[in-house]
Amino acid sequence: MGFFTDTSVCIGCKACEVACKEWNAIPEDGLVFTGMSYDNSEGLGADTWRHVAFIEQRKPLAMQDPGVQHEDVDVLALASQGSGTPPEQARITPTTPGEPGQMRWLMASDVCKHCTHAACLDVCPTGSLFRTEFGTVVVQEDICNGCGYCIPACPYGVIDQRQEDGRAWKCTLCYDRLSGGMEPACAKACPTDSIQFGPLDELRERARGRVDQLVEAGETGARLYGEDPHDGVGGDGAFFLLMDEPEVYGFPPDPVVTTRDLPAMWRCVGAAALTLAATAAASFAGAMFGRRP
């Protein structure tokens, strides 16, 4: 089971952020205006398991008219006319939006990717991180010792430690809700179905159809991210439809599980240890034979 996030229909309402915090009892992490568009949570962290990013671009969205240039309009004068102004006398109406502004906002609700090959699982020394029967990755905070090994292991920079107790926290894909036959809180709260939950095979098929629909409509930049089971992490349990390059959204373009080379490294360590042991044994034997009369 997993998430398919269609960023093309995300409206940036942050309902997913609120629902995630309410259901999982996540502490408030500062309602501070960051200066980064309308983003007040800035990124994923121990106290932000869902994050809606706002990305402003100077380009139109497909063949749509963004209609955001109204520099020559006196909005105060328009306000004084009231809502009874006849449409033919109005300067701005839904049918006369103004000159195209070459501006679009890309909005995307980010979350833990629940990798198929999860490096955080590989490095956790206590078994705090485990794979559920739904294929998702969950942190058991009650046995987390706060070592922090999982944090640099994550290729997406998702996992974080809570300053108050030092333990690691991240999205659980609402494991408790799934166990009760319910969908995750964020997907339930999303008003546009930007966040869709279900079996990954079905979601991938649906996502490919959506990309084809957008490309046909003129949005040639539409693409899927994290849906390929043959990528560097074996495919993500939470994948995305993006409207631009992954780097625009802050995603690594070609993520690779950070523990990929561990088996080969341990084999090299073992070979080196055997070589050292053999060398030491040979030296010891040579010394012993050398002492004989």
Side-chain angles (χ1 to χ4, degrees), residues 2-18 20-21 26 29-59 61 103-120 137 148 150-162 168-171 173 184 186-187 190 192 194-196 207 210-211 214 219-228 231-258:
F3 286 129
F4 163 46
T5 301
D6 183 353
T7 67
S8 69
V9 294
C10 178
I11 59 174
C13 66
K14 289 183 174 280
C16 54
E17 285 191 19
V18 175
C20 178
K21 278 187 174 290
I26 302 174
D29 55 344
L31 300 177
V32 180
F33 182 67
T34 63
M36 300 170 62
S37 188
Y38 287 95
D39 188 357
N40 69 329
S41 49
E42 198 167 4
L44 295 175
D47 296 332
T48 303
W49 299 359
R50 267 282 179 188
H51 168 246
V52 178
F54 290 77
I55 300 135
E56 300 179 13
Q57 290 186 324
R58 290 286 178 180
K59 62 172 66 173
L61 180 60
M103 167 72 78
R104 70 173 180 176
W105 282 10
L106 303 180
M107 301 174 186
S109 181
D110 194 11
V111 71
C112 172
K113 312 308 182 291
H114 295 274
C115 308
T116 299
H117 303 313
C120 56
V137 180
C150 56
I151 295 173
C154 177
Y156 296 101
V158 167
I159 308 180
D160 188 25
Q161 285 177 296
R162 193 167 288 170
W169 302 80
K170 73 172 192 67
C171 162
L173 218 148
C186 55
C190 182
T192 64
S194 173
I195 303 172
Q196 302 176 33
R210 176 60 177 159
V211 170
L214 287 170
E219 185 49 66
T220 57
R223 71 202 67 197
L224 295 180
Y225 178 81
E227 94 294 351
D228 185 3
D231 64 12
V233 295
D236 292 328
F239 65 98
F240 301 80
L241 187 158
L242 304 180
M243 308 299 286
D244 209 323
E245 298 287 346
E247 298 92 323
V248 172
Y249 295 83
F251 294 155
D254 189 19
V256 175
V257 57
T258 53

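Sequential numbering from 1 along the given sequence is applied to the chain's residues. Every value quoted in this text rests on a predicted model; they were computed, and no experiment measured them.
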With no hydrogens and no angle check, is any side-chain donor or acceptor of [X] less than 3.5 Å from a backbone partner on [Y]?
X: E17; Y: V52; value: yes
X: K170; Y: V137; value: yes
X: T192; Y: C10; value: no
X: K21; Y: D47; value: yes

Looking at [X] and [Y], what are the two nearest heavy atoms and their distance?
X: C190; Y: S194; answer: SG-N, 3.1 Å
X: C186; Y: R50; answer: SG-NE, 3.5 Å
X: A118; Y: C115; answer: CB-O, 3.8 Å
X: C120; Y: I159; answer: CB-CD1, 3.6 Å
X: A238; Y: C112; answer: CB-O, 3.4 Å
X: A119; Y: T258; answer: CB-OG1, 3.2 Å

Check whether any side-chain heavy atom of [X] lies under 4.5 Å from a side-chain heavy atom of [Y], and answer yes or no.
X: L214; Y: M243; value: yes
X: D160; Y: L44; value: no
X: V9; Y: R210; value: yes
X: P155; Y: V233; value: yes
X: T7; Y: L106; value: no

Calculate, to the nearest 0.5 Å, the distance between atoms [atom1] and [atom2] belonging to [X] and [Y] respectively.
X: F3; Y: C171; atom1: CZ; atom2: SG; answer: 5.5 Å
X: Y249; Y: L242; atom1: OH; atom2: CG; answer: 5.0 Å
X: C13; Y: M107; atom1: SG; atom2: CE; answer: 9.5 Å
X: T5; Y: D110; atom1: OG1; atom2: CG; answer: 8.5 Å
X: S109; Y: I11; atom1: OG; atom2: CD1; answer: 11.5 Å
X: S8; Y: L241; atom1: OG; atom2: CG; answer: 5.5 Å

Hydrogens and angles aside, do D236 and Y156 bring a side-chain donor and acceptor to less than 3.5 Å of each other?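 The answer is yes; a qualifying pair exists.
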message: Testing F251, F239, F4 one by one against Y225 for a ring pair (Phe, Tyr, Trp, His ring centres under 6.0 Å), which residue passes?
response: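 Output: one option passes, namely F251.
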| Can you say whether the rings of W105 and F54 are parallel (under 30°), tilted (30 to 60°) or perpendicular (over 60°)? |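 The arrangement is perpendicular - the two ring planes meet at more than 60°.
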Have a look at P184 and tell me which of L173, V111, I195 forms a side chain to side chain contact (heavy atoms under 4.5 Å, CB included) with it.
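Testing P184 for a side chain to side chain contact (heavy atoms under 4.5 Å, CB included) against L173, V111, I195 leaves exactly one candidate, L173.
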